[in-house]
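Per chain, numbering begins at 1; letters A, B, ... match sequence-line order. These numbers come from a predicted model, not from an experiment.
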Amino acid sequence: MSDLTYTASELMCINAARLLRDGDVVFVGVGLPNLACNLARRTHAPNLQLIYEAGVIGARPSRLPLSIGDPTLVTGAVSVCGMFDIFSQYLQRGNIDVGFLGGAQIDRFGNINATIIGGDYQHPKVRLPGSGGSQEIAGWANRCYIITPHQKRRFPEKVDFITSAGFLNGRAQRELTGARGGGPLVVVTNLGLLEPDANGELVLSALHPGCTLEQVRENTGWQVRTSGQVSTTEPPLPSELQLLREELDPGGIYLKGS
Amino acid sequence: MSDLTYTASELMCINAARLLRDGDVVFVGVGLPNLACNLARRTHAPNLQLIYEAGVIGARPSRLPLSIGDPTLVTGAVSVCGMFDIFSQYLQRGNIDVGFLGGAQIDRFGNINATIIGGDYQHPKVRLPGSGGSQEIAGWANRCYIITPHQKRRFPEKVDFITSAGFLNGRAQRELTGARGGGPLVVVTNLGLLEPDANGELVLSALHPGCTLEQVRENTGWQVRTSGQVSTTEPPLPSELQLLREELDPGGIYLKGS
Amino acid sequence: MSKICSLAEAISSYVHDGDTVFCAGFTHLIPFAAGHEIIRQGKKNLTLARATPDLIYDQMVAAGCAKKLIFSYIGNPGVGSLRIVREELEAGRLEWEEYSHFGMISRLQAGAAGLPFMPMNQTAAPDLERSNPNIRRVKDPYTGQDVVTVPALNPDVGIIHVQRADEHGNAQVWGILGEQKEAAFASRDVIITAEEIVSEDVIRSDPNRTLIPGLIVKAVCQVPHCAHPSYTQGYYDRDNVFYLNWDKISEDRATVNAWLDEWVHGVQGAEEYWQKLGSETHARLAVKPRYAAPVNYGDY
Amino acid sequence: MSKICSLAEAISSYVHDGDTVFCAGFTHLIPFAAGHEIIRQGKKNLTLARATPDLIYDQMVAAGCAKKLIFSYIGNPGVGSLRIVREELEAGRLEWEEYSHFGMISRLQAGAAGLPFMPMNQTAAPDLERSNPNIRRVKDPYTGQDVVTVPALNPDVGIIHVQRADEHGNAQVWGILGEQKEAAFASRDVIITAEEIVSEDVIRSDPNRTLIPGLIVKAVCQVPHCAHPSYTQGYYDRDNVFYLNWDKISEDRATVNAWLDEWVHGVQGAEEYWQKLGSETHARLAVKPRYAAPVNYGDY
C-alpha cells in the first residue's frame, strides 16, 4: 500500500502516537512510548502533557531521554515532585488519561506479566524485572496502551504471573475489584491492533498494510478472534518517518532493528 | 526573696524557659511559649530548634511573631514544609522533644479542654476554639509543658471535654491507647509548678518565691496534694527580665498585665 | 489554551450555591479577595472548609453565604475569638464538623491522593472522636492495634492564592505552604489567584518550585494583594492592625454590616479595595527584598 | 555542633553488619561512592532496600555485602537486565521482598510518618499480593470496600546524596526528588553526602528548598561526584556509557571482580575514583549552567 520501508519499531511507534488525543495527560516510559508521545506532540496533539514516573510533569526533553530519570526531562519542565506524589496525587487520584505498558507476556485478557517465566514465584525459571510502576498504571490510568512485538511467546493464552491487570478472566472480574482505570484499550503490535471486546478478550481490530490474519494467528498463543470488521491501518506517512528519524531518534537507538 | 518586681506572665515565661534543655526540638506556639523558647535560646539552650505548626523549622524570628504563620518565621529559617509533613513526619514520627500546651481548663490528670464549656458538645454554653494542633502535640511530643494562670475555673477536677490528653483517669489509661508521647511533664502557673505523680495526678512540686500552698489550694478545683518535698523556684534573674523586656517583647505585648 | 479570566468570572463559573468551598492558606496566602467576590455575588448555602476559618470565613458567615463549617480551630489568629462564627455556632444557626489540625489536613491528603481515608495514630484524646461520627477506627493489619481514620475531603472548589502562575495555571509558591497543594489536588475545580502572571519560561526555569500543575487548574486570575489582611511572602506583610480591628468590628452586627457595605459591596474588586486602603497602609505593609541563593538546573 | 566527617567515618560509624540500608535516589543522586565505601569496608549480611536496585546494588550484591533485597524493579535503567541481582535471585542465593513502585514508596511514607502502614487503592492485579504476605488488606470504614496495605519500612540507615548541605545536615535538593525525603525521615540514622558544603546562610536564604532538616541527620560528608555513574542535576550528567558497559562487565563474575578490584578496592575513595575516570569522561559529563528565576522571600 506504500512504497516506504519502515522498521517494526517505527510502525508500532507511529500507530501508538495516533492513539493519543490532543490534551491527553500521558504517563510516559522511555523508549517507544516516549517517542510515540513526542511524535504525537509534534503532529496532531500539540497540547499533550508528558508525565514521567520519576516525578516530572510537562517535560520538554531537548535530547532523547535514555533513562526514566534523565536530567533533560527536568530542565525546562513545568513541575517536579516526589515519587509518592506522582503515584498518589496523579495516578491514584485519576489525573492520568493514558498509560503505556509493556511486558514479557500479554495474555488473552490483556493481563501483563513482567515478573517471572516458568517455575513458581519462589523458584522462577526466569526472573524478570517486576512491576515498577506498571501495576498502578494498569490499575488507575483512564486508558492503557500496550506496545509489543507480535510473537507467540509474548502472547500466551494465560500469563505465568499477573504483574499488571488487564481484564483478569473477563471484564466483570476487573470491575469487581473497584480499580478505577479502564484497562488496556489497544495493543499495538508490528502486525496490527488488538482491542478488548465486551468481555475484555483481546480481538484483532486492525491489520497493518501488508500484514495478514494468518500471521497474527501464527504469532498468538490463543485462537485469536477478530472484531466484526477488521480494518487496515494507514501506512506511516513520510512526514512521520522523517520526524522520527531525523529529529526524535536520530541515532536510531530505539527505532532501528527489525 | 528578691526585690525585683515582675509580672505573672514574666514569671511563667522564665520558669518555662528553664525547663528546656539545650538541643531540644520544640513545637512552638505564639505568645508565651515563643518567648520562653527564645529566652532559653539566648541563655542556657543556644541549640534549641524551634518548629512552628505552620511548617517552619529552625526559625530565627528577627521580630516578635504575632501569629503562628508570621512571615518573619520563614525568612531565614532552615526549612519550610507543608502542614501534612509537619504533623506526620515531625510530630507523629517522634521527632519533637517538647510541645507547649494551653487551654481553658486543665484537670487533675492534666487533661486539657479547649473545645466547650457547659452544655453538651452539640449545644455548648460557650464554644471555644477547639484543638488546632494541640490534640497531636499532647499525644505525640516526648514531653509537654503547660503554661497557664492559676485560677479555680481553669483547674476543675474534671474538664468538660478532653480536647488533648493528659493522663485521662490515670497514667495506665493513657498508656493503654499506645499514644507515643510522655504526656504533660510540668504545668507552669503564676503560683508554682505542678507535676504528675506515678499515677499521672498533678501534684504541687514547687512554689514561686512568696507564693503559698494556701494560694494554690484556693485556686485549684480539687484537693491538690503536694509531692514529698515542695521546693521553691529560683526568682527571675535580672538578666532574664532584661532580655524579655528589652529584646524579646519590647512592646510588652505578651508580658504586661498582672 | 490560556485559562486567564477575571476573578468575578472565575467565581461565577465555578462556585455554585450549595458547594463545598476550600479557601486555602494557613495564615499565609489566604485569598480574601475571592471570599469578598463570593460575598458580592451573593452565593448561598456554602459549606466552608478550612483548618482555621480566620477572618475570611468570619466575614463570609456574617454575609450569610454559609450553611456549614468544617474546621479544626476557630480563633482570630494571634488575637482571640472568632466572634461571628462562634456566635452562629453557639446559637445553632450554623452546622459544623470538627477535627484536629492533623485530622483536617489528613482528610485533604486522602482526598488529594484519591484514597477513601487516611489513618492516624491514636492521640489518647477521646472526646472529639466520640463527638464526630466521621472519625472512625481500623485495625492495623500488622500489629492488630487500632488506628484512627478520617474520610477523604474532596471540595467542589478549591481557591488557592500563589506568588506567581503562568496562563496555564502552573503555580509557584514559597513561604508557608500550609495545605495549598493538598487542597488543590483534592478539589474538583481549582481557581488560582496570583500576585503575578508570569511567562511559562519563568515557571519552567524552576520546576521544583511549582506546587500546583496547570493540568488540575480550571481558572487563573491575576489578583495582586488578594491576600490582604493576610500576606504574601516577599510581596507584602500581614496587616496585624486589621486583625486587631476586626476583633472590635465583629463585636456588633451593625458594624460588621457597615464594614461589608463599605469594603466588600462598596468596591468593585481587589484593585479598588487595595487603593482604598491608602498609601499609609501600603507603606506599612511594604517589605524590602531578600533573595534566595541561585540554583543551577544545568542545560541538559 | 558540626556533623561533618569523612564518608569512611560515616559508613564505619552508622552501617553495621546485618543492617537494613536504604541508598536513596530515583535514577538521580544515587550515592554510588557510599556503596563503594560499604564494599571497601567489607560490610556483610545487609538488607538492601531501593525501588530500583540499579547498578549500585548490583555491585554491592556482587561484592557479597547483601543477604536480602527489598525492591520494586530490578532492571538496569534504560539498558536491560540487572545481571548479578537476577542471577543471585534465580539461584536462590539472595532473599528478597518485592513490591510495586507505589508499594515501595508507600512503605517509606508510612515509615517517615510514624504510621504502622499505608493504604493503597486496589489495582486489580492479584499475584504479587498473593506472593508477598506483607501485602494485606483492611476494610475502608466508610464504604466497607477493601483497600490494600503495606507495612512501614524503617531502615537502620538512610544514605542521601544532595546538591548542597550545611554542617548541621540541612540539605537542599532540586531535580528529581524520588524518595529522598521519605527515606530520610523513615531511617533511624541518616548520612548525607553532598556535592558542596555551604554556609548555613545559603540554606537559610531559601528554606523551601530544604528537603531534609539537619535535626534528623547524623553525619554530613562532602563527596563531590558521589553519584557517578548516575548524576547530580546541575553538576554533571548521567554516564550512560557506563550503564551500557556494566551490561557487558556483569556478564561474567571474573570481569566484575576485576572491575571491583580496580574501581572500588583499588582507589581510596570518591576523589581518586573521579580522577581515575579521566578528563575525557569529565568533559563528556560536564553540563552548562541554567539558572532558576530569582525568588524574593522579603526581609521581614
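Taking the six-membered ring for Trp, Trp140(B) and Phe27(B) have ring centres at least 6.0 Å apart. Aromatic pair His228(C)/Phe32(C): ring centres not closer than 6.0 Å.
Note that CG of Leu48(B) and CZ of Arg41(B) are 7.5 Å apart. Values are rounded to the nearest 0.5 Å.
Note on Arg63(B) versus Asp237(C): salt bridge recorded, some NZ/NE/NH1/NH2 to OD/OE distance being below 4.0 Å. In summary, Glu201(B) and Arg108(B) engage in a salt bridge, as defined by a charged side-chain N under 4.0 Å from a carboxylate O. We find that Glu87(C) and Arg83(C) are not joined by a salt bridge, their nearest charged nitrogen and carboxylate oxygen being 4.0 Å or further apart.
Of residues 105-121 of chain C, those residues with a non-hydrogen atom less than 4.5 Å from any non-hydrogen atom of chain B are, in numerical order, Ile105(C), Ser106(C), Gln109(C), Met118(C), Met120(C), Asn121(C). Listed by sequence position, the residues of residues 138-149 of chain C in contact with chain B number zero, using a 4.5 angstrom heavy-atom cutoff. The interface of residues 283-294 of chain C with chain B, defined by heavy-atom distances below 4.5 Å, comprises Arg290(C).
Each of Val56(B), Ile112(B), Ile68(B), Thr75(B) has some count of heavy-atom pairs under 4.5 Å with chain C, and the biggest count is that of Thr75(B). Contact count versus chain C (heavy atoms, under 4.5 Å) is highest, among Tyr121(B), Phe87(B), Phe167(B), for Tyr121(B). Ranking Ala179(B), Ser134(B), Ala77(B) against chain C, the residue ahead of the rest is Ala179(B), based on heavy-atom pairs under 4.5 Å.
Side-chain contact annotation: Asn169(B) with Lys158(B), donor-acceptor N/O pair under 3.5 Å present. Between the side chains of Ser164(B) and Gln135(B), no donor N or O sits under 3.5 Å from an acceptor N or O. With hydrogens and angles left out, the side-chain atoms of Thr232(C) and Glu195(C) include a donor and acceptor closer than 3.5 Å.
Using a 4.5 Å cut-off between heavy atoms, Thr115(B) contacts chain C through its side chain alone, with no backbone atom that close. Heavy-atom distances place no part of Leu73(B) under 4.5 Å from chain C, backbone and side chain included. Neither the backbone nor the side chain of Trp174(C) comes within contact range of chain B; no heavy atom of the residue lies under 4.5 Å from a heavy atom of that chain. The contact between Ile162(B) and chain C is made by backbone and side chain atoms together, counting heavy-atom distances below 4.5 Å. Neither the backbone nor the side chain of Glu175(B) comes within contact range of chain C; no heavy atoms are under 4.5 Å apart.
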Inset, instruction - With side chain to side chain donor-acceptor pair (under 3.5 Å) as the test, would you mind laying out the steps for Tyr231(C) and Asp70(B) before giving the verdict? - result: CA-CA 9 Å; Tyr231(C) 71 102; Asp70(B) 194 305; over 6 Å; no
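Among residues at least two apart or in separate chains, there is no ring-ring contact (aromatic ring centres under 6.0 Å, His included) pair with a member in residues 48-76 of chain B.
None of Leu255(B), Thr7(B), Ile147(B), Leu35(B) except one satisfies the side chain to side chain contact (heavy atoms under 4.5 Å, CB included) rule with Met12(B); the exception is Ile147(B).
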